[in-house]
Peer 1: 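Take this structure first; my questions come after.
Quantities reported herein were computed from a predicted structural model and do not represent experimental measurements.
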Amino acid sequence: MQAPQPPAAPVAAAGATGTQRAAIQRGDGTPIRVLVVDDEPSLAELLASVLRYEGWEIRTAGDGASAVRVAREFRPDAVVLDVMLPDFDGLEVLRRMRAELPHVCVLFLTARDAVEDRVAGITAGGDDYVTKPFSLEEVLARLRGLLRRAGIARSRSESELVVGDLTMDEDAREVRRGGELIELTATEFELLRFLMRNPRRVLSKAQILDRVWNYDFGGQAHVVELYISYLRKKIDAGREPLIHTVRGVGYVLKPTS
């Protein structure tokens with residue numbers, strides 16, 4: 001099996017170096033889901049790691065039967081699908097997946113470059129294909145294109161903060177969880193913005209007071225507790241909690257596992 005060509009510039013570095021390419025996500029603000037199917041574990045994990053860096057949820061499978069089973073449970077938006085698998089080929093995997101997921105996007109990976117093989121994949125219902133050896137950047141670009149054309153994904157603007165299924169449009173001053181609009185007061189909005197700009201980071205009451213209220217309340221840190229309780233009622237009520245208390249330290253906002 002031929003390995004993919006390394007990206008000209010590391011794909012992972014795109015986000016880390018401030019490249020202006022906008023991240024994409026589902027229309028409701030939740031992460032894109034992609035299933036990677038390849039019988040070479042190292043290749044599957046390489047692809048998975050690149051796609052995870054996009055903030056997407058990824059699952060992998062090493063054969064056709066596993067791919068169909070995982071797709072049924074995971075409900076992916078897109079599948080990166082190797083044509084040659086140890087039990088049955090990618091065309092049969094596609095046929096079985098589409099019986100339950102008629103709109104899933106499928107990008108075929110194939111070592112075959114004969115025209116008839118490519119035509120067979122597209123005729124079977126595949127949306128696009130890349131031949132091995134391939135560029136990781138090309139796979140990512142093809143997936144992004146498929147998801148956009150299918151209407152599954154939208155760009156995340158630079159003014160939008162996302163933590164799990166919680167989104168905040170800083171310009172429009174809109175907050176949604178799972179696509180549902182949440183009304184916040186001005187202070188609640190500023191408190192949530194500070195938490196969302198520091199996901200997974202434990203913030204002390206003093207830090208929150210200084211950043212949100214712009215001065216030190218001294219012994220009146222209970223104001224933070226009060227507003228955290230307000231946010232919890234609006235953000236977490238009836239849902240898996242995003243806002244967590246770290247006893248003796250402060251608060252942290254992190255996506256549900």
Peer 1: Does a side-chain heavy-atom distance below 4.5 Å link Met196 with Leu253?
Peer 2: yes

Peer 1: For Phe194, what residues pass the ring-ring contact (aromatic ring centres under 6.0 Å, His included) criterion, not counting sequence neighbours?
Peer 2: none

Peer 1: Would Arg95 and Asp89 pass as an ion pair if we require N to O under 4.0 Å?
Peer 2: no

Peer 1: Where is the tightest heavy-atom contact between Ala78 and Leu147, given as atom of each residue plus distance?
Peer 2: CB-CD2, 4.1 Å

Peer 1: State plainly whether one hydrophobic cluster holds both Val202 and Leu209, where clusters connect Ile, Leu, Val, Met, Phe, Trp and Tyr through side-chain heavy atoms under 4.5 angstrom apart.
Peer 2: no

Peer 1: Using the side-chain contact (heavy atoms from CB on, under 4.5 Å) criterion, which residues pair with Arg59? Sequence neighbours excluded.
Peer 2: Leu35, Val70, Phe74

Peer 1: With rounding to the nearest 0.5 Å, note down the distance linking CG in Leu166 to CD1 in Ile182.
Peer 2: 6.5 Å

Peer 1: List in chain and number order the residues that pass salt bridge (charged side-chain N to carboxylate O under 4.0 Å, His left out) with Arg96, two or more places apart in sequence or in another chain; answer none if no residue qualifies.
Peer 2: Glu92

Peer 1: Per the salt bridge (charged side-chain N to carboxylate O under 4.0 Å, His left out) rule, what does the pair list look like for residues 186-200, sequence neighbours excluded?
Peer 2: Glu170-Arg193, Glu170-Arg197, Arg173-Glu190, Glu188-Lys234, Glu190-Arg193

Peer 1: Does any non-hydrogen side-chain atom of Asp38 lie less than 4.5 Å from one of Leu109?
Peer 2: yes

Peer 1: Is there side-chain contact between Thr110 and Thr131, with at least one heavy-atom pair below 4.5 Å?
Peer 2: yes

Peer 1: Please assess Leu91 against Phe108 for the test side-chain contact (heavy atoms from CB on, under 4.5 Å), listing each intermediate value before the final yes or no.
Peer 2: CA-CA 9 Å; Leu91 302 183; Phe108 275 122; 3.6 Å; yes

Peer 1: Say whether, by atom type as modelled, one donor and one acceptor occur between the side chain of Gln207 and the main chain of Ser204 under 3.5 angstrom.
Peer 2: yes

Peer 1: Does Val175 reach the side chain of Arg177, with side-chain heavy atoms less than 4.5 Å apart?
Peer 2: no

Peer 1: Taking only residues two or more places apart in sequence or in another chain, which ones pass side chain to side chain donor-acceptor pair (under 3.5 Å) with Glu180?
Peer 2: Arg239

Peer 1: Who passes side-chain contact (heavy atoms from CB on, under 4.5 Å) against Val104, sequence neighbours left out?
Peer 2: Pro76, Val79, Arg98, Leu101, Val106

Peer 1: Taking Asp63's backbone N and O only, do any of them form a donor-acceptor pair with Ser66's side chain (distance below 3.5 Å, no angle check)?
Peer 2: no

Peer 1: Within the 4.5 Å heavy-atom criterion, are Arg72 and Glu100 side-chain neighbours or not?
Peer 2: yes

Peer 1: Run the side-chain contact (heavy atoms from CB on, under 4.5 Å) test on Asp127 and Leu107 for me, step by step, so that the C-alpha distance in whole Å, both residues' side-chain angles and the decisive distance to 0.1 Å come before the verdict.
Peer 2: CA-CA 6 Å; Asp127 298 289; Leu107 175 66; over 6 Å; no

Peer 1: Mind checking whether Glu225 and Lys205 have side chains closer than 4.5 Å, heavy atoms only?
Peer 2: yes

Peer 1: Tell me every residue that passes salt bridge (charged side-chain N to carboxylate O under 4.0 Å, His left out) with Asp87, counting only those two or more places apart in sequence or in another chain.
Peer 2: none

Peer 1: Name all pairs fulfilling the ring pair (Phe, Tyr, Trp, His ring centres under 6.0 Å) condition that reach into residues 224-248, sequence neighbours left out, sorted by first residue then second.
Peer 2: Trp213-Tyr227, Tyr227-Tyr230

Peer 1: Give, for atom CG of Leu195 and atom CG of Leu242, the distance between the pair rounded to the nearest 0.5 Å.
Peer 2: 10.5 Å

Peer 1: Using the rule that Ile, Leu, Val, Met, Phe, Trp and Tyr join whenever any side-chain heavy atoms are under 4.5 Å apart, tell me whether Val249 and Val212 fall into a single cluster.
Peer 2: no

Peer 1: The criterion is side-chain contact (heavy atoms from CB on, under 4.5 Å); which residues satisfy it with Pro102, sequence neighbours excluded?
Peer 2: none

Peer 1: For Phe189, what residues pass the ring-ring contact (aromatic ring centres under 6.0 Å, His included) criterion, not counting sequence neighbours?
Peer 2: none

Peer 1: Restricting to non-hydrogen atoms, name the atom on Ala48 and the atom on Ile58 that form the minimum distance, rounded to 0.1 Å.
Peer 2: CB-CG2, 3.7 Å

Peer 1: Flag yes if Leu226 and Leu231 sit in one hydrophobic cluster, no otherwise; membership is Ile, Leu, Val, Met, Phe, Trp, Tyr, and two members link when side-chain heavy atoms are under 4.5 Å apart.
Peer 2: yes

Peer 1: Just wondering, do Glu54 and Ile32 contact through their side chains at under 4.5 Å, heavy atoms?
Peer 2: no

Peer 1: With clusters defined by side-chain heavy atoms of hydrophobic residues (ILVMFWY) lying less than 4.5 Å apart, directly or transitively, does Val223 cluster with Leu192?
Peer 2: yes

Peer 1: Is a salt bridge present between Arg52 and Glu57, judged by a nitrogen-to-oxygen distance below 4.0 Å?
Peer 2: no

Peer 1: Any salt bridge linking Arg176 with Asp165? Criterion: basic side-chain nitrogen under 4.0 Å from a carboxylate oxygen.
Peer 2: no

Peer 1: Less than 4.5 Å apart, any side-chain heavy atom of Asp77 and any of Val34?
Peer 2: no

Peer 1: Would you call Glu73 and Arg75 a salt bridge, taking side-chain N to carboxylate O under 4.0 Å as the test?
Peer 2: no

Peer 1: Any idea which heavy atoms bring Gly64 and Val93 closest together, and the distance?
Peer 2: CA-CG2, 3.5 Å

Peer 1: Should Leu94 and Met84 be counted in the same cluster of Ile, Leu, Val, Met, Phe, Trp and Tyr side chains packed under 4.5 Å apart?
Peer 2: yes

Peer 1: Which residues pass the side chain to side chain donor-acceptor pair (under 3.5 Å) test with Arg142, not counting sequence neighbours?
Peer 2: Asp128, Glu138

Peer 1: For Pro31 and Gly164, which heavy atoms make the closest approach, and how far apart are they?
Peer 2: CD-O, 4.5 Å

Peer 1: Who passes side-chain contact (heavy atoms from CB on, under 4.5 Å) against Arg232, sequence neighbours left out?
Peer 2: Ile228, Asp236, Ile243, Thr245, Tyr251

Peer 1: Could you give me the CA-CA distance, side-chain angles and deciding distance for Leu51 and Val36, then say whether side-chain contact (heavy atoms from CB on, under 4.5 Å) is met?
Peer 2: CA-CA 10 Å; Leu51 301 180; Val36 176; 3.9 Å; yes

Peer 1: Could you check Glu174 against Glu183 for side-chain contact (heavy atoms from CB on, under 4.5 Å), going step by step and ending with a plain yes or no?
Peer 2: CA-CA 8 Å; Glu174 288 186 350; Glu183 299 291 341; over 6 Å; no

Peer 1: What distance separates Met97 CE from Arg69 CZ, expressed to the nearest 0.5 Å?
Peer 2: 11.0 Å

